[in-house]
Protein chains: 2
Amino acid sequence: MLSRKTKYGLKALCFLARREGNDPVQIEVISKAENISQKFLESILLTLRKAGYLGAKKGKGGGYYLLDKTRKTPIAAFYRVLEGPIAMVPCVSLNFYEKCEDCPDEDHCSVHNLMIQVRDNTLSILENTSLSDFIDNQMT
Amino acid sequence: MLSRKTKYGLKALCFLARREGNDPVQIEVISKAENISQKFLESILLTLRKAGYLGAKKGKGGGYYLLDKTRKTPIAAFYRVLEGPIAMVPCVSLNFYEKCEDCPDEDHCSVHNLMIQVRDNTLSILENTSLSDFIDNQMT
DNA sequence: TATTATCCTATGGGATTAGTAGGGTTTGCA
DNA sequence: TGCAAACCCTACTAATCCCATAGGATAATA
């Protein structure tokens, strides 16, 4: 299940992407528009800034704004930063791989092989949907 | 991420499905073959029995065995019993639907619409892979 | 300098996970 | 009948994660 953190993060990115122009937007504005706890959102936006997807401006007239590349960034990237691995099992994760202790041979593990299929299908969506695609999505 | 419970449950089902015949198998045998804590596995198999996928025989020579229909049952069914919803967000779950408090309009929510796609893709795999298919899987 | 807004660390309650403990109950067999 | 094998069931716990809040530090603007 998607954590609230990820869900809120994606909603905030959406909110920024839907705006005309790219002026900084205060946390409070986003949190009220999207019904998100302000303090919690604060930490989420901070994470996204550190990951290089958002810029921030302090002081009066400050706030968060999208960086240029962010609109073209696939949802998969945000997902990995906010939620972690996309794979359902560490042994099929591309970016967070870990071997299972209980499993002597991955190639012959049914769970492993099925979860590779699930991962590839999910990835095909999350990697091929950019933030721009994502906001168009809302009208379909 | 898949819980150990689900992973162990699927492995145990696999183990039973790969056997010739359908004699009861003791928990201990499965737990040793698959490197699973015996007591934990015990509770998992109990869940699967109550859900109607396994039979059990008590006393000497007893153990767990597959019911007839179980080989034809899709992995999605086991998943729902062991792990819960397949959807990543309750608002796109078919079997465990819940409305989001923060979201005024699902149809115009980007997250909602994206997660429907992910759900449909995942479902297409989990619903179309039966336990029989699943064990063949290991050799591909 | 005063105000505004992000930055950052720490903390805490609640839920979930992955077991563990310790019996109880039923069955088969000698 | 009696014993041991094997499942049945409840309760508990340690660890971890999630969601959120608090409060001050820092930086930018006017």
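Excluded from the calculations below are hydrogen atoms, water molecules and symmetry mates; all remaining heavy atoms, backbone and side chain alike, are included. Residue numbering restarts at 1 for every chain, and letters A, B, ... go by the order of the sequence lines.
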Using whole Å, what does the distance between atom [atom2] of nucleotide [N] and atom [atom1] of [X] come to?
{"X": "Met1(A)", "N": "dC19(D)", "atom1": "CE", "atom2": "P", "value": "11 Å"}
{"X": "Lys60(A)", "N": "dT29(D)", "atom1": "NZ", "atom2": "P", "value": "12 Å"}
{"X": "Tyr64(B)", "N": "dT27(C)", "atom1": "OH", "atom2": "P", "value": "14 Å"}
{"X": "Lys57(A)", "N": "dT6(C)", "atom1": "NZ", "atom2": "C1'", "value": "12 Å"}
{"X": "Lys5(B)", "N": "dT17(C)", "atom1": "NZ", "atom2": "P", "value": "8 Å"}
{"X": "Asp23(A)", "N": "dT6(C)", "atom1": "CG", "atom2": "P", "value": "14 Å"}
{"X": "Ile44(B)", "N": "dC7(D)", "atom1": "CD1", "atom2": "P", "value": "14 Å"}
{"X": "Leu2(A)", "N": "dC17(D)", "atom1": "CG", "atom2": "P", "value": "18 Å"}

Below 3.5 Å, does any donor atom in the side chain of [X] face an acceptor in the base of [N], or the other way round?
{"X": "Lys39(A)", "N": "dG23(D)", "answer": "yes"}
{"X": "Glu42(A)", "N": "dC7(C)", "answer": "yes"}
{"X": "Glu28(B)", "N": "dC7(D)", "answer": "no"}

(request) Hey, which sits more toward the 5' end of DNA chain C by its nearest nucleotide, Leu46(A) or Gln38(B)? (result)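 The residue whose closest nucleotide sits nearer the 5' end is Leu46(A).
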(message) If you assign each of Glu83(B) and Ala56(A) to its closest nucleotide in DNA chain C, which residue comes earlier from the 5' end?
(response)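 It is Ala56(A), whose closest nucleotide lies nearer the 5' terminus.
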Can you tell me if the side-chain N/O atoms of [X] get under 4.0 Å from OP1 or OP2 in [N]?
{"X": "Tyr8(A)", "N": "dC19(D)", "result": "no"}
{"X": "Ser37(A)", "N": "dT21(D)", "result": "yes"}
{"X": "Arg49(A)", "N": "dC7(C)", "result": "yes"}

Just checking, any donor-acceptor pair under 3.5 angstrom between side chains of [X] and [Y]?
{"X": "Asp133(B)", "Y": "Ser130(B)", "answer": "yes"}
{"X": "Ser3(B)", "Y": "Glu83(B)", "answer": "yes"}
{"X": "Thr73(A)", "Y": "Thr70(A)", "answer": "no"}

(message) Applying ring pair (Phe, Tyr, Trp, His ring centres under 6.0 Å) as the test, list every pair that has at least one member in residues 23-54 of chain A; sequence neighbours left out.
(response)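 Output for this query lists Tyr8(A)-Phe40(A), Tyr53(A)-Phe78(A).
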Please work out if [X] contacts a base, only the sugar-phosphate, or nothing of the nucleic acid, heavy-atom cut-off 4.0 Å.
{"X": "Val25(B)", "result": "sugar-phosphate"}
{"X": "Lys7(A)", "result": "nothing"}
{"X": "Ile27(A)", "result": "sugar-phosphate"}

(message) Within the supplied structure, the quantity of interest is the number of heavy atoms (other residues, nucleotides, ligands) at a distance under 6.0 Å from Lys72(A) NZ; does it exceed 12?
(response)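 No, the 6.0 Å shell around NZ holds no more than 12 heavy atoms from other groups.
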(message) Both Leu41(A) and Lys50(B) contact DNA chain D. Which one's nearest nucleotide lies toward the 5' end?
(response)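 Taking each residue's closest nucleotide, the earlier one in sequence belongs to Lys50(B).
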(request) For the pair Ser132(B) (side chain) and Arg71(B) (backbone), establish whether a donor and an acceptor sit closer than 3.5 Å, ignoring hydrogens and angles. (result)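 Yes; at least one donor-acceptor contact below 3.5 Å.
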(message) If you only use heavy atoms from C-beta on, which nucleotide in dA5(C), dG19(C), dT21(D) is closest to the side chain of Phe40(A)?
(response)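 Looking only at side-chain atoms, Phe40(A) lies closest to dT21(D).
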